[in-house]
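Every chain is numbered from 1, with letters handed out A, B, ... down the list of sequences.
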2 protein chains.
Amino acid sequence: MATNIRDVAKAAGVSVATVSKVLNGYTTVNEQTKEKVLKYVKELQFRPNQAARSLVGRRSMTIGIFLTTGLAHPFFARILVGMEQALQAKGYDLIYLAQMSWGKEYSFVRHCQSRNVEGVVVFGFQHEVTDFGELIESDIPAMFIDLDIREGRAGFISSDNREATERAVAYLAKLRHRRLAYISGNKDSYVDIHRFAGFRAGLEQAGIPYRQEYTAEGDFTQEAGYAAMQRLLALPEPPTAVVCCSDMSAIGAIEAIREAGMSVPEDFSVLGFDDIELAGYVRPALTTVRQDMIAIGRKVIEQLDALITDETLDPPAAIVQTELVVRDSCGPAKAD
Amino acid sequence: MATNIRDVAKAAGVSVATVSKVLNGYTTVNEQTKEKVLKYVKELQFRPNQAARSLVGRRSMTIGIFLTTGLAHPFFARILVGMEQALQAKGYDLIYLAQMSWGKEYSFVRHCQSRNVEGVVVFGFQHEVTDFGELIESDIPAMFIDLDIREGRAGFISSDNREATERAVAYLAKLRHRRLAYISGNKDSYVDIHRFAGFRAGLEQAGIPYRQEYTAEGDFTQEAGYAAMQRLLALPEPPTAVVCCSDMSAIGAIEAIREAGMSVPEDFSVLGFDDIELAGYVRPALTTVRQDMIAIGRKVIEQLDALITDETLDPPAAIVQTELVVRDSCGPAKAD
DNA sequence: CTGAAAGCGCTAACAA
DNA sequence: TTGTTAGCGCTTTCAG
């Protein structure tokens, strides 16, 4: 059986209260006694039972995680890596609330409460999919990734989507492209709205008029990228370059371009977004905007911890820098 | 504040004991009372506090997870997807014990105990890296993935590595390759031992004598695959086909073959293992052994649940079927 | 500076 | 069939 505080107290010849005080850093304990207690804590490898701890109102050191998109999301793994570092630094464990499915009978908030979760990180891209009202009203500290919710005790974090896309357009413009297209992600998603805004801003910067027909709707997937590109190519005056809202769309777009008998980057430039692992392996290797998912993971925990430990803190809207990774999918515009 | 059992009892006009009995499925409760209690449970959205529950010795419905390799492992995401299904079905939540680092000061087992974890899944590939002795002695039900530990209350699960590789060799032999090489993973890993055994068995089946010099040591990475292939290519009589212990090694191997001025699959056939996402995207697309990581994830939880709920159960050694995915990286041997 | 005792939310004997 | 009560392991007043 696991050792408990009484075992330690008995071994050290003190009361459980004293052991508890030592463990919780009270200064009202004699240095001698403290040493003695600590000695037995180490010897017995005692770790206070978290359940009992959180029961008496102490911190549970548990953070919950929820994904609206399911575990299969391509970034999830990397975000987790980043979270891991911060989790360790701050002393939290991460609990994946598996039974969750938002809706009528089931209450995510209740689930969190029953698990004594101190805070929760939510990862997803669409507002409509789920109703976060209950969570926001619950006053459980929360951090959203790629979802601009900032209300009550909930903040969010995301990449600098707008600037990143603006820079991407500038890069393409420097390659002398003038007919620039945009393949969007899901139209109402936070990231798409900002990337699209960046696209338009970039156009303006470069003195290129915006053309409605050069915006093709997608949904972040390869299939959508493929279909969107086909539509773009069917235009009377097709574009010569495209910025895609995701690497997967970019891959789909390249597929469509190839099928139309053209090659990338000679005839057409394709710029992606994300820099997923695949990006460096497909041919041509993708020129793309790298999102620093590890930094996002780390920061989301740091911010959440801040929210948890400081009740008065205004919920953050954290932005993480991106970087344009130049590979082989973009080239100079052909003089025509 | 979260509702507790007393709130429900008060609302329903019964004692807390009655509420508890209803919730725990005791049959000694009047049908009327039960209905009434259930009504208020639903109305107040009551969920018993897990901490209190596990404190009194009830099940915590919590499974811990530990990765010797860190979160960045390429399979982890897919395994998680599989685990998710089973977790939901069985009603567990998953806790990632983040502060862990095995060794002197830190006890993984204590950590599990302090979190009232009912069972734990461990994922990694090398025995040496960590000492699992403490875990095995602790009697905490455990399931290892790709690590053949079967002792006490610990079992394991893995793909049919031996048969898979044997089949892969048979496939290559059918393409009339006779000079078959093997690029290994870490030599002492469970999976490599079995894959290598399968390689030799396949050779024997095909009536091809084993040649020591055709076995090149790697460590699952792309770099190792690249280096191993270079060594193979430098042989006086180089092989014409290679089976690699991972897709990443296969990708590295292809790189080396190209650099040597040959092409895949025309001059050299390369067969991978895993079928990671990349496998279908690199050129040539990899012919490879697909590991069903989703099934592994699902099964590992099911087996762990069995171990948890049945104290007398013998720890399982579960094997999951693989499938040879034929793409473009293997072709017929050139008649020479 | 130390310890006795109450109580966190829940379950399980035991009484009624 | 229901309620009273002790106690899980811990923290925290409050006396000593």
Please state whether the phosphate of [N], meaning OP1 or OP2, lies under 4.0 angstrom from any side-chain nitrogen or oxygen of [X].
X	N	result
A:Thr33	C:dT2	yes
B:Tyr26	D:dT2	no
B:Thr18	D:dG3	yes
A:Arg58	D:dT12	yes

What integer distance in Å separates [X]:[atom1] from [N]:[atom2]?
X	N	atom1	atom2	result
A:Asn116	C:dG9	CG	C1'	10 Å
B:Asn24	C:dC10	CG	P	11 Å
A:Lys10	D:dC10	NZ	P	13 Å
A:Arg47	D:dC10	CZ	C1'	15 Å
B:Lys36	D:dG3	NZ	P	8 Å
A:Lys21	D:dT12	NZ	C1'	8 Å
A:Arg59	D:dT11	CZ	P	14 Å
A:Gln113	C:dC10	CD	P	11 Å

message: Can you confirm whether B:Gln50 sits close enough to A:Asn116 that some side-chain heavy atom of one is under 4.5 Å from a side-chain heavy atom of the other?
response: no
Helix axis bend for the helix from C:dC1-D:dG16 to C:dA16-D:dT1 - C1'-based end axes, five pairs, 10° rounding: 50°
- request: Enter the distance from B:Asp146:CG to B:Ser159:OG here, rounded to the nearest 0.5 Å.
  value: 6.5 Å
statement: Interatomic distance, CE@A:Met83 vs CE@A:Met293, rounded to 0.5 Å, equals 11.5 Å
task: For the side chain of B:Ala17, starting at C-beta, report the closest nucleotide among C:dC10, D:dG3, D:dT12.
output: D:dG3
Proximity to the side chain of A:Arg6 - top-ranked nucleotide from D:dG9, D:dT11, C:dG9: D:dG9
Residues in side-chain hydrogen bond (donor to acceptor under 3.5 Å, both in side chains) contact with A:Arg150, at least two apart in sequence or another chain: none
Pairing donors with acceptors under 3.5 angstrom, does anything connect the side chains of [X] and [Y]?
X	Y	result
B:Asp93	A:Tyr96	no
A:Thr3	B:Arg110	yes
A:Ser107	A:Glu134	yes

message: Taking ring-ring contact (aromatic ring centres under 6.0 Å, His included) as the criterion, tell me which of A:Phe156, A:Phe66, A:Phe132 meets it with A:Phe144.
response: A:Phe132
- line: Between B:Asn30 and A:Ser20, whichever has its closest DNA chain D nucleotide further toward 5' is B:Asn30
query: With nearest nucleotides of DNA chain D determined for B:Glu31 and A:Ile5 from heavy-atom distances, which residue corresponds to the more 5′ nucleotide?
result: B:Glu31
task: Name every residue in residues 48-56 of chain B that has at least one heavy atom under 4.0 Å from any atom of DNA chain D, in order of residue number, or write none if there are no such residues.
output: B:Leu55, B:Val56
Electrostatic pair A:Lys90-A:Asp305, nearest N-O below 4.0 angstrom: yes
message: With a 6.0 Å cut-off (strictly less than), is the heavy-atom count around NZ of B:Lys36, excluding the residue itself, greater than 12?
response: yes
